[in-house]
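Just so we're on the same page: letters track the sequence lines, and every chain starts at 1.
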Number of protein chains: 2
Amino acid sequence: MTVSVESVAEMAGVSVSTVSRALRSVPGVSAATRKRVQEAADELGYSASPAASRLATGRTMTVGIVVPILAKWFFGKVIGEATHTLREGGFDVLLFELATPGQRERFFGGAHLHGRTDGVIIMALQPTKDELESLTSQGQAVALLGAEAQGIGSVSVDNVGAGRAAVRHLLNLGHERIAFIGIRDEEGSNLGGVPPLQRLVGYREALSEVGLPRDSKLEQLDENSVAGGAAAMSRLLVAEQVPTAAFVASDEMAFGVLKVLRKAGLDVPRDFSVLGFDNHELCDVVDLTTMDHEVAEQGQDAARILLDILNGRPPATLVFPARLVVRETTAPPRALRSTARIPDSPHSAGRSGTP
Amino acid sequence: MTVSVESVAEMAGVSVSTVSRALRSVPGVSAATRKRVQEAADELGYSASPAASRLATGRTMTVGIVVPILAKWFFGKVIGEATHTLREGGFDVLLFELATPGQRERFFGGAHLHGRTDGVIIMALQPTKDELESLTSQGQAVALLGAEAQGIGSVSVDNVGAGRAAVRHLLNLGHERIAFIGIRDEEGSNLGGVPPLQRLVGYREALSEVGLPRDSKLEQLDENSVAGGAAAMSRLLVAEQVPTAAFVASDEMAFGVLKVLRKAGLDVPRDFSVLGFDNHELCDVVDLTTMDHEVAEQGQDAARILLDILNGRPPATLVFPARLVVRETTAPPRALRSTARIPDSPHSAGRSGTP
DNA sequence: ACGCGCTTTGCAAGCGCTTGCGTTAATTGT
DNA sequence: ACAATTAACGCAAGCGCTTGCAAAGCGCGT
């Protein structure tokens, strides 16, 4: 039961310090004794008490992963990949869900991580300067996923570029009234609000590139969920002039959009095109065209960046591009369908002059 | 930075032992000094080093959560709820994903948890006797979710009953050729295979209750995913006599089933009824009729059971019932539709005599 | 006044590991 | 063959808490 270094030392006929060094591959132990110690340890089923090592070394060999919510496909995926990489690096992972502002405050407020973790991966939460400062001053290494900060390692997606690309695809199909359905950074949510807004920026850029006016009624924000998407779409349906397509900043919201459209008797994509974001596992089920960004890689890379930092290397910053995955929810708008198809070419002349 | 007990002791003008006792509400400290110590601690922003407490007490105040895979809605949900409850109980949570048999073996093989956690919640993995023995002999408290074992705390779903209920619903609608699409416990998966099989048992019971023969061609197992469901449904479509309905043991598989049916040009529920399992977040999007089982409660209760065990109370065993949630994917079979509707009444006479 | 029991506090010995430093043994150069 | 390196190992002092036990302070009855 209580097999400690001493038992191993005794069995191998050496001192505890030698056991400690041998088992951790610290230089200064001959190959022969190392082997002998290893065998003794194996036989006794010995493994060092983490608590004792931590106390002695000050390193916890544990990293924290912080997410705003667990019950989303994206986070499950990304955490799974990250934990795998971290575990390979010899680290345990401690999980923190910051679902409410209260939890967030408590987390960043006290020295909650102190002595628990060596570093932390913060996912989809844009920490404030103070929050970051609080972490680093506790000696935590920090890596961000889905956010960026000066001097902090991070992996994120080129949201502006992705938004622009998404909207360009719709433009290229011939759409001229394109809505944006985005994630509202609502009371009670913890997202720093940044990625959703960046996608909106990309949307606006794409429109202005071809000279289309911005219409704030076409920009609908709501909570990041099926219900939120549905609500946003419902609002669009009562506009004086209903758009013919929507770029939706998350697949889950897009699912809600599809549902409302179906209930409204509108055919997708004949009457309305929908373009989502994330390439959610279930896109395939509803044939949703979407913007894919390597979710698994992001998780792995975030972990790797943190491990690098913990090994004294400088914090890396990665930005992933997103790429269009065409499925069945996007098509040219009805008006154009009977005539010639608009080729998917650069937004040529003739449209930029739209009234 | 390195604010330890001593600094607090000094500031409060007491000994370290008094500080320790005061801060942990251990009896034997006067109210006055306790207050003084508390204030000193607050001012210094002191919190005890977990490593040191662990070493001294032997308790880690940490519990492990073990899942076969993170990137599934069900596990995200359940872990989220469980961690919340555990955190309220003062425990940190360490995450373990056992995606491959190799990982499983490594996890249960060595004393991987020893000194890291006080207890562990094992989710949707049926541990063998040996594996449980290995954990308890390491002094771990154990709670199971989605599995049961003699003398071990657990929360699970009445899968047999749920399967029976699901199939009865289809029978009551008038279906007579009902398929079962279930989760195969494949090489590389870690599920003990038990819940899926129990649902199959319920299916068989319901059929035999009304005297319907069992047809092994109607029982299709595949991996628990959209693709698996799609594959299973595809197999059913080439049967000599295609069924008119299917009870699918997971919503994700059911999504795949729906997709295949749609592609095949079959209308759901006019041509084919589909009944899923889990009440997945996205059921609402595709209007999938399903069996709901309080996922959030299961997570909370699993955590609570573990906390109880850690507090010396006897291990509780909870079995949740599942309940039918009717949406739009179930209806009477085509043959009956033009005539009178079959009321949703107990499987009355006239059908039990089917050839 | 004095002794007794109770509460409040401090002392010091761990908990099980790591690591700087000193010691011994083995190796090399001349 | 002997001094000087160098490699291998052991000693013991922590790391920052907890806790059994002894000491001190206090109120009370007699």
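- Remark: A/S30 is not in phosphate contact with D/dA7, judged by side-chain N or O atoms under 4.0 Å from OP1 or OP2.
- Counting any heavy atom pair closer than 4.0 Å across all strands shown, A/V14 reaches sugar-phosphate atoms only and no base atom.
- Evaluated for a side chain to side chain contact (heavy atoms under 4.5 Å, CB included) with A/P127, the options A/L132, A/V142, A/L135, A/I152 yield exactly one hit, A/L132.
- Side-chain contact check for A/F96 versus B/R87: some heavy-atom pair is nearer than 4.5 Å.
- Shown are B/V29, B/V5, B/T33; of these, the side chain to side chain contact (heavy atoms under 4.5 Å, CB included) with B/V19 is made only by B/V5.
- The distance between atom CZ of B/R24 and atom C1' of C/dT9, rounded to the nearest whole Å, is 15 Å.
- Side-chain N/O atoms of B/S17 and base N/O atoms of C/dC11 include a donor-acceptor pair closer than 3.5 Å.
- The aromatic rings of B/H112 and B/F107 lie parallel to each other, their planes meeting at an angle below 30°, with 60° marking the opposite boundary.
- One can place CD of B/E6 at 13 Å from C1' of C/dA12, the figure rounded to the nearest angstrom.
- Taking the side chain as every heavy atom from C-beta outward, A/L23 and A/R21 never approach each other to under 4.5 Å.
- Between A/T33 and A/V16, the one whose closest nucleotide on DNA chain D sits nearer the 5' end is A/T33.
- For the pair B/D301 and B/E294, the minimum side-chain heavy-atom distance is 4.5 Å or more.
- For B/T18 and C/dG10, the shortest distance from a side-chain N or O to OP1 or OP2 is below 4.0 Å.
- Nearest nucleotide to the A/R21 side chain, out of D/dA8, C/dC21, C/dT9: C/dC21.
- Taking atom NZ of residue B/K35 and atom C1' of nucleotide C/dT8, one finds them 18 Å apart after rounding to whole Å.
- With no hydrogens or angles considered, no side-chain donor-acceptor pair links B/E148 and B/T317 at under 3.5 Å.
- Atom CZ in B/R116 sits roughly 14 Å away from atom C1' in C/dG16 (whole-Å rounding).
- Rounding to the nearest 0.5 Å places OG1 of A/T57 at 8.0 Å from CG of A/D118.
- In this entry the distance linking CZ of A/R34 with P of D/dA8 reads 9 Å, nearest Å.
- The overall bend of the helix from C/dA1-D/dT30 to C/dT30-D/dA1, read as the angle between its terminal helix axes built from five base pairs each, is 40° when rounded to 10 degrees.
- With A/Q298 contributing its side chain and A/S156 its backbone, the two residues share no donor-acceptor pair below 3.5 Å.
- Heavy-atom distances under 4.0 Å link DNA chain C to A/Y46, A/A48, A/S49, A/A52, A/S53, A/A56, A/T57 of residues 44-61 of chain A, given in residue order.
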